[in-house]
Structure formats: C-alpha cells, structure tokens
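Below, read A as the first sequence line, B as the second, and so on, with proteins coming before strands; counting in each chain starts at 1.
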Number of protein chains: 2
Amino acid sequence: MAKNIQSLERAAAMLRLLAGGERRLGLSDIASSLGLAKATAHGILRTLQHEGFVEQDPGSGRYQLGAELLRLGTTYLDVHELRARALVWTDDLARSSGEAVYLGVLHQHGVLIVHHVFRPDDSRQVLEVGAMQPLHSTALGKVLAATDPVAHAELVDAKREPFTARTVTELDEIERTLDLTRAQGYATDNEETLEGVAAVAAPIYDRRRLAVGAVGITGAVERVCRDGELRPELIAAVRDTARSVSRDLGAKPF
Amino acid sequence: MAKNIQSLERAAAMLRLLAGGERRLGLSDIASSLGLAKATAHGILRTLQHEGFVEQDPGSGRYQLGAELLRLGTTYLDVHELRARALVWTDDLARSSGEAVYLGVLHQHGVLIVHHVFRPDDSRQVLEVGAMQPLHSTALGKVLAATDPVAHAELVDAKREPFTARTVTELDEIERTLDLTRAQGYATDNEETLEGVAAVAAPIYDRRRLAVGAVGITGAVERVCRDGELRPELIAAVRDTARSVSRDLGAKPF
DNA sequence: GTGCCTCGTTCGACAATGCTAAACGCTATC
DNA sequence: GATAGCGTTTAGCATTGTCGAACGAGGCAC
C-alpha cells in the first residue's frame, strides 16, 4: 500500500477532532489528542485557518471548523449525481406517503443523508442532510448492508449500539434480517433506532447493478404501521421510488 | 508572515478546483491547472481520497468532491454560535413577514448563507444554506460591507458584476449607499441582484459591538415593496430580529 | 484488428520541506 | 506580583514530499 501524505492525514484528523468535540478546542488539547508537538499542530492549524477550513475565536484563541467546509460540502451535493436524479422522485414520494423522505449513501461506518424532504405538513422539522445514521438499526442502513458488500463489512466490524429495547445487536440475527432484506427487496426499522418511529427503505442501483444508495420514509409508528407492521402501500411506494431512481441512473429493470 | 504548509495549500486548491469545475476532473487536468507534476497531484489526491474528501469514479478514474466534506460542513453549522442563537428569531421573522429569511456571514469575497427559513407557504423552494451571495448587490452583503471593515475591503477589491439593469457597480455610488446603510441601520436590495426580487437586511453585533453577520428577508417585489420602496413594517421586523439576536449574543442594547 | 495516444499510476533519488524541541510573550489566576 | 498555562515564534535537522521518467491499461481512429 502506497504511502499517504503525513501532513494531510494529520490535518484531516484535526478536522474530525474539531467536528467531534462539542465546543471549540485549544491548540494544546488538539496537539496532545493527536500526539503532536504544539508547533506542528500550530503550523497545520495556521494553514487550515488561512484556507478557511478552521476558524479561530479572537478572544479565547480556540479553534473550530471553518466556513469553507460548509461551502464545499454544499458543492458536493450539487455535483452528486444520485441526489440530482432522485430530487424529482423523492418529492412525489413525500407527497403520496405524507411522510418525511430520506436519501442516504454509505460513508465510512454509517449512512450519510444526502437528501431530506420534509413531511408535507406545517410542523417544525430540522434538516438532517449531512447527518449520519447507523447501519445496524435503520432501514437505510440495513438496505445498504444487505446490498453493498463494503457496507456489510462495515456493519460486521462496527460496534452495534442498542438505541431502544427493540434494537437488534447480535450479528446472527442481523444476518438473518439482511437475508430477508435481500429476498424481499426492502428493509424496515420498527422502533429499533428511536422510540415511536418506524421506517422503510429500498436500494437504488446504478447501471452496473451495484447498490449506490437507499431511499426511504420515516414517520411516527402510529401513522406508518398497522397491526405492528409497516403498511404495505407505503412499502410499495418506497420500492417504486427506488426503482424509478435506479432506472434514471441507467439500471436495466430486468 | 509565517510560512504555510505547502501540501495543505495545494490540497485546498485542489478541493476548490473540484468545487469550481462543473463535472469531475481528471488527474492530468488537475495537475496542469495547478502547475504540479502528475505524481505530486496524485499523492495529494490519493490521501484526500483515503480521508473521504474526494471520491474517484471507478469507471473513468476522474475525481470529484467527497462525502466527508458534507459531513464536516454540516457539523460546522451545528457548532455555529450565531446560527444557534438566531434559529428561534428567524422562524418568528418568517412567520410575521410571510417571506423567506436568510442569515449570512462574511466568507472570503462574499456572504455565506448559514441559515435559510423557507417562505411559509406550500411553494417549492430550494435550500440555499452553503451558497454564496455577492457583497455589492445584495442586502446582506451591503450590511456586512457597511459594518465590517474586512467585508468593506473585500467589496472594494472585488470585481462588481452587473446582474440586472439596476445593479450598482460604481464604487462612489456604492460608498454613498454604505454611508446611508450605516446611518439608518439597514440595507435594501431593490431588484439589483435578481429581476423582480427585493430584500432588506440588518446587521447583527456581538458583545464587542463588532458585526458578525446579517439577517434579512427576500421576496417578490410585488409583495415586499410598495410604491417602489420596501414596506416599512418589514424593515422594522428585520431590524427587530437583528437586535434580538444581537442581544442574545451579549451585545449591549445601548 | 492494430497502432497510437492519453490516461492514471508507480518507482527511485534528491533536497526542499515540514517536523521537533526549546524559548518567547501574553493573559488570567490566585 | 509571581506563577501557570495559553498560543506563537524561532532555528536546525532529517524526514518527507516532490519531481522526472517509465509503466501498464483503455480508448479512439484508421
């Protein structure tokens, strides 16, 4: 394996550290967290600051993430082909289902939300684009783990946190769920991630028949479930949407 | 001035290049655009790819921005203090004015939108968080240029593009507008950026009385204007919101 | 089908580059 | 007013990233 550039790896580690820590971090904290000399950390931070990737509070001297990350992150969305193709279909799905729609792709150890359509009512909702969801408990995550080998490996390696009483963390049982997901072409999340919240998701394929993402809806269990199971018409709507997006991406329907 | 880390500067230039180019770029294009040897560019790109900041299309081998940027950019919003304080007030402003609300901060040569509340009706709207607005023609930009010396310098240096027939590009006239903005405490954009669209904005100050951002509303000129001027009640609402956020940030009201 | 061109990638050697450790000025604290 | 901690700067060394050239794989034209 070829060698990567040291200063870049360290800069990336700093950005992730700043993203993880709740509030701003001081230079000494950053240096000791990464095992670097203060001067080394300072040189990297100075450059990152000059480029807009980190900002420094003038008063305390502490560092936090910079605005350029927001600008570039938004640009990533603009270029994202899957997201662009899905935009039309997800709006329809939100309207027909009456629930919030999420579009996610595999990123590192979880699902990165790249598109989010609000539930079509006037309630206050926060945009979750850019947020991460776990692989083992969410509908989007199970779909990706069942259809993308890389996602599956990530799920096996990850520590599977129990979020609610219904969260499945044992690998054997999860594998059986993934087999079922592959067989029926969709996955559900019945209060396994959040109490009172259920979800359905289906995979999106590209022209090489590789899974490139997943689309699904999420809503209060009282609305999206009946007799403890996801309502069939919602499952059908989600699967139709996934198929439509796949076809837009060039996947053959047979 | 201290020296910055070369490889980091080059990596940042690459990310910006990838953000600027419409579609994916090839290695040779990137290397020649930045005046680097192909091997040098490849080493940086390989590291950026490993860290998730760029992705490579398996088929064509071309490079594009990576998902980690979206994740970090969203985290930037979560940590953003001004945005957090403004969240409550901007919702109220959108409801009372019936128009879309924007919150912006100075970034590089323009205004970066860090918060956007949709106009409270059922029309289809696209989220503009992460987008940039010019300093010389928008209400947010004029407010920042009038109250932040750094923003003012950026405005003077920038090339001021005429977007509509009403866009003011001459520096003398802009300076007079900025004087007026300082005197009355708000700025307007009367079809100077987009035909048929007008805006008002007011500055937000921190506890040291330094301008840290601007908040404003934007809407169709038929709704927000009367007799060719912004409606006074909208101006008052925007200024009230700006004052409330400033007070939340610790600014003394006197 | 074959040649050619261009692409992304790898290799090895050089020296420029970024790293380390120690000292600096500063602010806040007690 | 001494101290402890902060972010920052400095100087010198050797590690590190850079470069030019060569490699192998695809794609296009003919």
Side-chain N,O (A:Ser28) to OP1/OP2 (D:dG7) below 4.0 Å: yes

Listed nucleotide nearest any side-chain atom of A:Ala39, set D:dG7, D:dT10, D:dT18: D:dT10

Minimum-distance nucleotide to A:Ser7 side chain [options: C:dG18, C:dT20, D:dT18]: C:dG18

Distance, rounded to the nearest Å, where B:Lys38 contributes NZ and D:dT18 contributes P: 17 Å

N or O in side chain of A:Gln6 less than 4.0 angstrom from C:dT20 OP1/OP2: no

CA sep, side-chain torsions, deciding dist, call: B:Glu128, B:Gln133, side chain to side chain donor-acceptor pair (under 3.5 Å): CA-CA 10 Å; B:Glu128 289 182 59; B:Gln133 287 188 1; 4.7 Å; no

Side-chain N,O (B:Tyr63) to OP1/OP2 (C:dT9) below 4.0 Å: yes

Residues which pass ring-ring contact (aromatic ring centres under 6.0 Å, His included) with B:Tyr76, listed by chain and number, not counting sequence neighbours: B:His80

Any A:Arg10 side-chain nitrogen or oxygen under 4.0 Å from OP1 or OP2 of D:dT16: no

Verdict with reasoning, A:Gln56 to A:Gln64, per side chain to side chain donor-acceptor pair (under 3.5 Å): CA-CA 6 Å; A:Gln56 188 175 25; A:Gln64 62 169 42; over 6 Å; no

Nearest-angstrom distance from the residue atom CG of B:Asn4 to C1' of C:dG18: 12 Å

Euclidean distance, atom NE2 of residue B:His42 to atom C1' of D:dT18 [Å, nearest integer]: 14 Å

Residue among A:Leu65, A:Leu36, A:Val54 satisfying side-chain contact (heavy atoms from CB on, under 4.5 Å) with A:Met14: A:Leu36

Rounded interatomic separation in angstrom, taking CG from B:Leu34 and P from D:dT18: 12 Å

C:dG8 phosphate, OP1 or OP2, under 4.0 Å from B:Gln49 side-chain N/O: no

Sub-6.0 Å ring centroid separation between A:His136 and A:Phe163: yes

Value in whole Å for how far the C1' atom of D:dG5 lies from CG of A:Asp29: 11 Å

Rounded distance in Å - CG (A:Leu27) to P (C:dC26): 18 Å

B:Ile5 CD1 to C:dT17 P, straight-line distance once rounded to whole Å: 13 Å

Interatomic distance where CG belongs to A:Leu8 and P belongs to D:dT15 [whole Å]: 20 Å

A:Thr40 side chain near C:dT20 phosphate (N/O to OP1/OP2, under 4.0 Å): yes

